[in-house]
Amino acid sequence: MQSTISEKPSKRFFQLSNPFHSWRGDLTGGLTAAIVALPLALAFAVASGVEPKAGLYTAIVAGIVAAIFGGSPVQITGPTGAMAVILMGIVAQYGIEKVWLAGVMAGLIQIALGVAKLGQVVKFIPYPVTAGFTNGIAIIIFCGQLNNFFGLQLPRSEHFLDGLWQSLNHLQGINLAAVLVALIVIATKLIWPFIYPVIPGSLVGLVLATVVTSVFHLSVPTIGTIPQSLPLPHGIPHWHDFGLLRELINPALALAALGSIESLLSAVVADGMTVSEKHDSNRELIGQGMANMIVPFFGGIPATGAIARTAVNVRAGGKTKLSGVIHGIALAMIILIFAPLASHIPLAALAGILMVTSLRMIEWEAIGLLLRATYSDFAVMLLTWSITILFDLVLAVEIGLIAAGALFIKRMSDLNLAKIPETEVFPAGIPLELSQEIAVYRVDGPVFFGAAERFATFLRDEPEVKYLILRMRFVPNMDTTGLVALEDIYADLKRHNCRLMLTGLQEEVKTLLDRSGLLAKIGAENCFATTTDAICSLNPNLPECSPSISAKTELESDV
């Protein structure tokens, strides 16, 4: 088979993978992604509580750095809604300069995660948890834009409920012009894809709202002046203050966790949309970490891989890292040429863009799926959703994971223990007195801490017999708690002069019993391949205890 470049991805972080292959597609994809990113970068910066220019600088610097050093060939990086939600609280509490420092720390954490090869961990986050915090983020973004939508110039609130209550209490000061501008953008964003989908509706709505505001001299708040220059490097204040570093460790961990989760989820989505080389999750973490470590020195904010912009890039023809670089360069050129015009963009226009975006973020299909599937998973999603809105995103993910883990343990703890009827396992001709002295139980599933107590309690309720046989062919593994439960059962049976016999031990379970010393206590003479072998050891003269019949019985009784 003829080899291709995509089958042998480069391992060097600084090399663009196959930069001139299908360069026209990369050019189209990068330019299209830049056009889509322009209004979103401005909007998400405003939603984060920072100056709009910080969003543009972030999209330029982080977009280029993550594209070059990341592990996804088509990922587009920049400000996102999820990051805006968590940044809003951090900016309100600490200020922009400390956010820069927290961003550098978050970048270092992401790089460490990538070097430690922990990129696959995101796959272990349950679907109800990701759906819950995504839907929660959407609600926060929507409600967070009510001030700009109504033209209310109110101070930004750190907490969702406080901000919502503040907005609703000041509706008497509504600016009808701002509402009109926002509705123009919302209508344009919804209708334009049916007219000419090549140009993003958000950009058309932004231009239209700005023109209407200028022509009719509408009195609405605008985003202010954006410097007509490229982002320049500067220092980070207080980086040597170790007390401040300790203070910012929690925000940095939150930024790193969210940035890693969203970027890797976006990379997975991109893999499903393209036939080019798949992403390297560890390398992607390193690339995103480098972007977040560098972008604060240019006045930007922490960024993540952006699912919508990445999808636009792929659909427009982007195939390699070159498309991400072109996206950043194109945004830089737009700033140099059109920055003076940006001062007239109404904040209400950005609010309209974010409101539609947030509604589209809500995973309606996930809600329906979880509601139809299991109520317990739906409850985990609602729990994560509620905590995201009422408290904060990081706490929501933590509690969501705990709830999902507890649910998993509960499901795994449903150990199947069943007493086997005599007619199914006892060989023909077994004396009545011997059959009355034997109890046979089949154990299905892992015996671990979640199931150990039920395992022990169930077997202790057995009326007094002389021989208790546990069929363990379908026990794949056992943890220390399960081991202790089995040892307690053995001790109880021994006190009651009852002999414990094990059949069908799998190698992993047998090794654990051997290392713990319990196998030696039970005795090798009490471990058998099949239940028939165990019963035949008690009376070898039974008619069905010949080797050929024993082999046949093994299939009938243990499979």
Side-chain angles (χ1 to χ4, degrees), residues 39-52 54-55 79-93 132-191 201-202 205-206 208-210 212-213 218-224 301 308 344-364 385-393 396:
L40 293 177
L42 294 170
F44 287 132
V46 172
S48 301
V50 299
E51 295 182 25
T80 61
M83 194 63 83
V85 168
I86 199 168
L87 280 172
M88 179 172 56
I90 297 175
V91 170
Q93 182 175 356
F133 76 69
T134 300
N135 291 335
I137 287 168
I139 298 298
I140 293 175
I141 292 174
F142 184 91
C143 295
Q145 292 306 304
L146 290 177
N147 285 347
N148 290 334
F149 179 86
F150 292 120
L152 304 175
Q153 295 179 292
L154 300 174
R156 182 175 297 275
S157 177
E158 182 180 345
H159 300 289
F160 167 77
L161 290 179
D162 293 340
L164 179 61
W165 184 251
Q166 183 184 54
S167 299
L168 297 177
N169 275 341
H170 289 80
L171 287 182
Q172 68 274 11
I174 188 172
N175 184 333
L176 293 179
V179 175
L180 174 64
V181 169
L183 291 176
I184 289 174
V185 174
I186 292 173
T188 305
K189 192 169 172 59
L190 294 175
I191 297 172
S202 57
L206 195 68
L208 182 59
T210 305
V212 169
T213 301
L218 299 180
S219 178
V220 295
T222 60
I223 67 173
I301 55 178
H344 302 289
I345 296 177
L347 288 174
L350 299 181
I353 293 173
L354 286 177
M355 283 180 163
V356 176
T357 301
S358 63
L359 290 177
R360 289 175 175 173
M361 283 177 64
I362 296 179
E363 299 188 15
W364 303 105
W385 192 348
S386 302
I387 296 175
T388 300
I389 294 173
L390 299 177
F391 298 97
D392 66 74
L393 181 61

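What you are looking at is a predicted structure, and each value in this text was computed from that prediction instead of being measured.
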For this session: Give, for atom CG of L40 and atom CG of L42, the distance between the pair rounded to the nearest 0.5 Å.
Result: 9.0 Å
Exercise. How far apart are the closest heavy atoms of V185 and G205, and which atoms are they?
Worked result: CG2-O, 3.5 Å
Exercise. Atom CD1 of I140 and atom CZ of F133: how far apart are they, to the nearest 0.5 Å?
Worked result: 12.0 Å
Exercise. With sequence neighbours left out, what residues match L190 under side-chain contact (heavy atoms from CB on, under 4.5 Å)?
Worked result: I186, V356, R360
Exercise. Which residues satisfy the side chain to side chain donor-acceptor pair (under 3.5 Å) test with S167, sequence neighbours excluded?
Worked result: N147
For this session: Taking all heavy atoms of M361 and all of A138, pick out the closest pair and write down the distance.
Result: CB-CB, 3.8 Å
Exercise. Would a 4.5 Å heavy-atom cut-off, applied to side chains only, mark L350 and N148 as touching?
Worked result: no
Problem set entry | Note, T213 side chain near H344 side chain (heavy atom, < 4.5 Å) | no
Problem set entry | Any side-chain heavy-atom pair of T388 and F160 under 4.5 Å | no
Problem set entry | Interatomic distance, T134 atom OG1 to W385 atom CH2 [nearest 0.5 angstrom] | 10.5 Å
For this session: State, to 0.1 Å, how close N135 and I362 come at their nearest heavy-atom pair, and which atoms those are.
Result: OD1-CA, 3.3 Å
Exercise. Are side-chain heavy atoms of I345 and L206 found at a separation under 4.5 Å?
Worked result: yes
For this session: Taking the side chain as every heavy atom from C-beta outward, state whether F44 and I301 have any pair of such atoms under 4.5 Å apart.
Result: no
Exercise. Considering residues at least two apart in sequence or located in another chain, which fulfil the side-chain contact (heavy atoms from CB on, under 4.5 Å) criterion with L208?
Worked result: I184, T188, V212
For residues 79-86, tabulate all N or O donor-acceptor pairs below 3.5 Å that involve a side-chain atom, not counting sequence neighbours.
from, atom 1, to, atom 2, distance (Å)
T80, OG1, M83, N, 3.4
T80, OG1, E262, OE1, 3.1
T80, OG1, T304, OG1, 3.1

Problem set entry | For S48, side chain to side chain donor-acceptor pair (under 3.5 Å) partners two or more places apart | none
Problem set entry | Steps toward side-chain contact (heavy atoms from CB on, under 4.5 Å) verdict (T222, L347) | CA-CA 5 Å; T222 60; L347 288 174; 5.9 Å; no
Exercise. So, for S202 and I353, which heavy atoms are closest and what is the spacing to 0.1 Å?
Worked result: O-CD1, 3.8 Å
For this session: With sequence neighbours left out, write down each residue that passes salt bridge (Lys or Arg N to Asp or Glu O under 4.0 Å) with E363, or none if nothing qualifies.
Result: none
Exercise. What residues form a side-chain contact (heavy atoms from CB on, under 4.5 Å) with A177, not counting sequence neighbours?
Worked result: N175, L218, V220
Exercise. Taking all atoms of both residues into account, what is the closest heavy-atom pair of L152 and H170, and its distance?
Worked result: CD2-O, 3.3 Å
Problem set entry | Partner set under side-chain contact (heavy atoms from CB on, under 4.5 Å) for F142, not counting sequence neighbours | M355, S358, L359
Exercise. Closest approach of A47 and Q145, non-hydrogen atoms and distance?
Worked result: CB-NE2, 3.7 Å
For this session: State, yes or no, whether a side-chain contact exists between T357 and I141 at a heavy-atom distance under 4.5 Å.
Result: no
